[in-house]
Amino acid sequence: MSELSTRYNPASVEEKWYKHWMDKGYFKSMPDPNNEKYTGAFTVVIPPPNVTGVLHMGHMLNNTIQDILIRKARLEGKNACWVPGMDHASIATEAKVVKRLREKGIKKSDIGREEFLKHAWEWKEEYGGVILEQLKKLGASCDWDRTRFTMDEKYYESVLDTFIHLYDKGLIYRGARMVNWDCEALTAVSDEEVIHTEENGKLYSVRYQVAGTNEFVTIATTRPETIVGDSAICVHPDDERYKHLHGKKAIVPIVNREVPIIQDEYVTMDFGTGCLKVTPAHDANDYELGLKHNLETIDILNANGTLSEAAQVLVGEDRFEARKKIVPLLEAAGALVKVEDYQNKVGRSERTNSVIEPRLSKQWFVKMKPLAEPALKAVEDGDVKFYPQKYVNTYRYWMSNIKDWCISRQLWWGHRIPAWYFGEGDDDFVVAKTAEEALKKASEAAGRTLATNDLHQDEDVMDTWFSSWLWPISVFDGFYKRDELDYYYPTNDLVTGPDIIFFWVARMIMAGYEFEGKKPFENVYFTGIIRDKLGRKMSKSLGNSPDPIDLIEKYSADGVRLGLLMTAPAGNDIPFDDSICEQGRNFTNKIWNALRLIKGWEVADKPQPEVNKLAVEWLENRINKEISEINDHYKKYRLNDAAMSIYKLIWDEFCSWYLEAIKPAYGDSIDQTTLDSTVSMFEKLSTLLHPMMPFISEEVWHGLKERSEGDCVFKSNWPVANPADETMISDFELVKSIITEVRSIRASKSLSPKEQLALYQKAGKGSYSRFESVLVKLANVDVHWSAAPEGPSGSFILGTLEFTVPLTGLVDAGEEKSKLEEELAYQKGFLNSVLKKLSNEKFVGGAPEAVVAAERKKQNDAETRIKSIEEKLATLG
RNA sequence: GGGAGUUUAGCUCAGCUGGUUCAGAGCACCUCGUUUACACCGAGGGGGUCGGGGGUUCGAAUCCCUCAACUCCCACCA
């Protein structure tokens, strides 16, 4: 024992076992359909982190859960396969590379596409994958040989193929639309990538002169800089205030352009002045109005958000500068009526946080309705199950109101759109996987033989999610090799955050049905969002996000895992605080010391004492019962409950009760039979613990006895839940209560545990008395199954049983008497309430028989208790 | 503006289709303890009118209505 520290040292243990598992290749999985050793395949694909990412608490939680599910499946004999990988994260990565080049004084536009991509790949090689290395510290048992990247060759190919497939099917089209434009990243983004929040701004009231009159109309706008792009004023056709203006024109201030005053029911009469300026180039609604009323579209902004030549004034100024600077111009023109503080929703880019600009441009879109239908049905029918279920509603709403998906991005880092233009205009194009094919198709389309030079490929790449929606299929190169996909697909569980339910989960389901005709996974486990203890989201800017690697160093990977788990029911947000890991760390220490205790025992060749035999029998039953509970928790994805079950099973039942019961007295030894049973039960506990705390469970496994090659908890078998003897378990529970009561009497009288007490129970032996030897050892009492002698004593009632501990000279009669009287009063009150119920005819008539019978039993029990208290009181005089 | 969810001990949460003392668990807290595995420990203990109000019922934390607070999602009101 001397060589084992009283403190568990996780750092070396965790490194040792991770290396061991890796060296043995235990994380690897290969399709093996005919191997009877396996009870089936169990597949999880990791939500691929961005190559740009570093590990944060969300990943920790997420991957801990995946690891638990995978390890549990492995223990259950499944061929478990956890596929790791990374996402190329088009916008985020490109932004980082651009920034890095800028620091070196290089402009993206100067070096061109080829050169830029070279830099991007370099960047990926250098920084990408940090997060995967960090996951290893957490204990993630991914099959690292399978690590995939969304821009791997085969993966890239599969993205192009799906694009072509959808195009040929008529589900991808190209067109000019109002899109969300990110002025910083200089690309279009999808609706999902725009985050709307309430922001403080100003509302400017501006008056326009009605041409040929001295009359003015006043409009309100939050964006005065767009006034110079106005091409109409709009009022409601029924608005009496403005009927006389129908057919007239208004003069746009500053630029003095005459624009029509149009009528449209889109305008809300009772909002503001009921008069609206129309700027078709810079607002989605105005754009629609423009189309309807055939208005001029004046695009006054450049792609980077500065004012263009078309604005005529403030050319080259940034839109927000222009917003300030146009105010004096409006004032000078006598057009500014007032400026008020105003709150409105502003959309910002998820990636750059830049304010999104509605912008008219030609982009590629996916028609979503046909894809959404089977995907919605799958979830509604429970073919794909969500945990927690409430997300089904969110999903349904989005799926049934789905809009077309803008998938083109004006970026270079990503999967380039396989469209090739050959004509003068940009409407002559063909879609093909390679230049050669494109040339062939284009020649056919053009009706003449074209040369390679006549073609140019679309400059845009696709939305990152257009590649990640293929993840469960393409990680297995599924479009090109069937063997792996047929074996591993559909995958089993997907573990992810609810924030990407639309971005990713929904689209994977669509892709699964569209491309494979099957769901991509059976269950989706939505984790909560990790917040700080004040309930705020963790973010870099707040600096409230702990570094997971620091946490692991401080509390051990096992400790952090357990801490996160215990406070994380599916879907609930987690207010994170370091202290929740402390509990996990303490638990590892407890387990470590249990191992030390057992290892420290001298073994002797001697018969098994009765108390040990009983304790072993009880714990075996107790474990069996708990295995059923744990299995049930897992089945329902209640991992926090499963964690709590194991925690209590080990700490309370195994350590506090069982080990205390069998522990030899000082200097004494243990018998071989008990030791063997103890080792084998501790092994079982290790296996149960292993998915959650992989490292210490492995350490215990090997600490318990010498192991042969390949014998480890990692490869052990999930224990079978044998039927448990419930009576035995409840008997032991009663014995525990007796022990606690006796200890409580000791505590209140400051009696040493070493001083033996007598315990009387006059009703005689019940089935619980089989544990008499446990009672004797743990409460240090001499048990008498008879009435207690008269005299001062302490007593307690459990159920209907009254126990007495004589305390001669320690208790005065008055004190004992008043305690008993208090108890008597309580029991009488209880009896009264029961009697009241039973005398209520409606209750006796209306309630089910079992309930009434239970009430009668309560009455009997209470009466028994009252009688024995009264008898006791009588002896006290 | 719509929709969903939450509201039970100081904190995080269990409490299934109303009925066995159903008001629970873990942590935190308090008291005691250098008992030979562990003070990252042991023994014992206190603590909640189940968000407010109303209703249904013999009986409600559990069902219904209503109000309030918080969270999230969706939505083009200048």
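In the text below, chain A, chain B and the rest are named by the order of the sequence lines, each starting its count at 1.
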May I ask you to say what [X] touches in the nucleic acid, namely base, sugar-phosphate or nothing, with a heavy-atom cut-off under 4.0 Å?
X: A:Thr740; result: sugar-phosphate
X: A:Tyr8; result: nothing
X: A:Pro575; result: sugar-phosphate
X: A:Lys754; result: nothing
X: A:Ala284; result: nothing
X: A:Arg396; result: nothing
X: A:Lys390; result: sugar-phosphate
X: A:Asn572; result: sugar-phosphate
X: A:Tyr555; result: nothing

Can you find a side-chain donor-acceptor pair between [X] and [Y] that sits under 3.5 Å?
X: A:Glu193; Y: A:Ser190; value: yes
X: A:Ser645; Y: A:Glu626; value: yes
X: A:Lys277; Y: A:Thr279; value: yes

As a test of reading the structure: which of [options] is closest to the side chain of [X], going by heavy atoms?
X: A:Arg7; options: B:G19, B:A78, B:C40; answer: B:C40
X: A:Thr268; options: B:U12, B:A78, B:C76; answer: B:A78
X: A:Thr221; options: B:A14, B:A78, B:C38; answer: B:A78
X: A:Arg531; options: B:C72, B:A78, B:A43; answer: B:C72

Please state the [atom1] separation for the pair [N] and [M] - nearest whole angstrom.
N: B:G52; M: B:U7; atom1: P; answer: 13 Å
N: B:C13; M: B:U56; atom1: P; answer: 34 Å
N: B:C50; M: B:A37; atom1: P; answer: 46 Å

Partner nucleotide, any strand, of B:C41 [Watson-Crick/G-U, under 3.5 Å]
B:G33

Look at the side-chain N and O atoms of [X] and state whether any lies under 4.0 Å from the OP1 or OP2 oxygen of [N].
X: A:Tyr397; N: B:G2; result: no
X: A:Asn586; N: B:C41; result: yes
X: A:Arg743; N: B:G33; result: no

For atom [atom1] of [X] and atom [atom2] of [N], their distance in whole Å:
X: A:Phe682; N: B:A37; atom1: CZ; atom2: C1'; result: 11 Å
X: A:Glu660; N: B:G44; atom1: CD; atom2: P; result: 11 Å
X: A:Lys648; N: B:A25; atom1: NZ; atom2: C1'; result: 5 Å
X: A:His633; N: B:A25; atom1: NE2; atom2: C1'; result: 11 Å
X: A:Phe843; N: B:C58; atom1: CZ; atom2: C1'; result: 7 Å
X: A:Asn401; N: B:A75; atom1: CG; atom2: P; result: 9 Å
X: A:Leu704; N: B:A37; atom1: CG; atom2: P; result: 18 Å
X: A:Tyr395; N: B:C73; atom1: OH; atom2: P; result: 19 Å

Carboxylate-amine/guanidinium proximity below 4.0 Å for A:Glu653 and A:Lys736:
yes

Basic-acidic side-chain contact under 4.0 Å: A:Glu726, A:Lys625:
yes

Heavy-atom nearest pair, A:Ala281 first then A:Thr297, reads CB-CG2, 3.5 Å

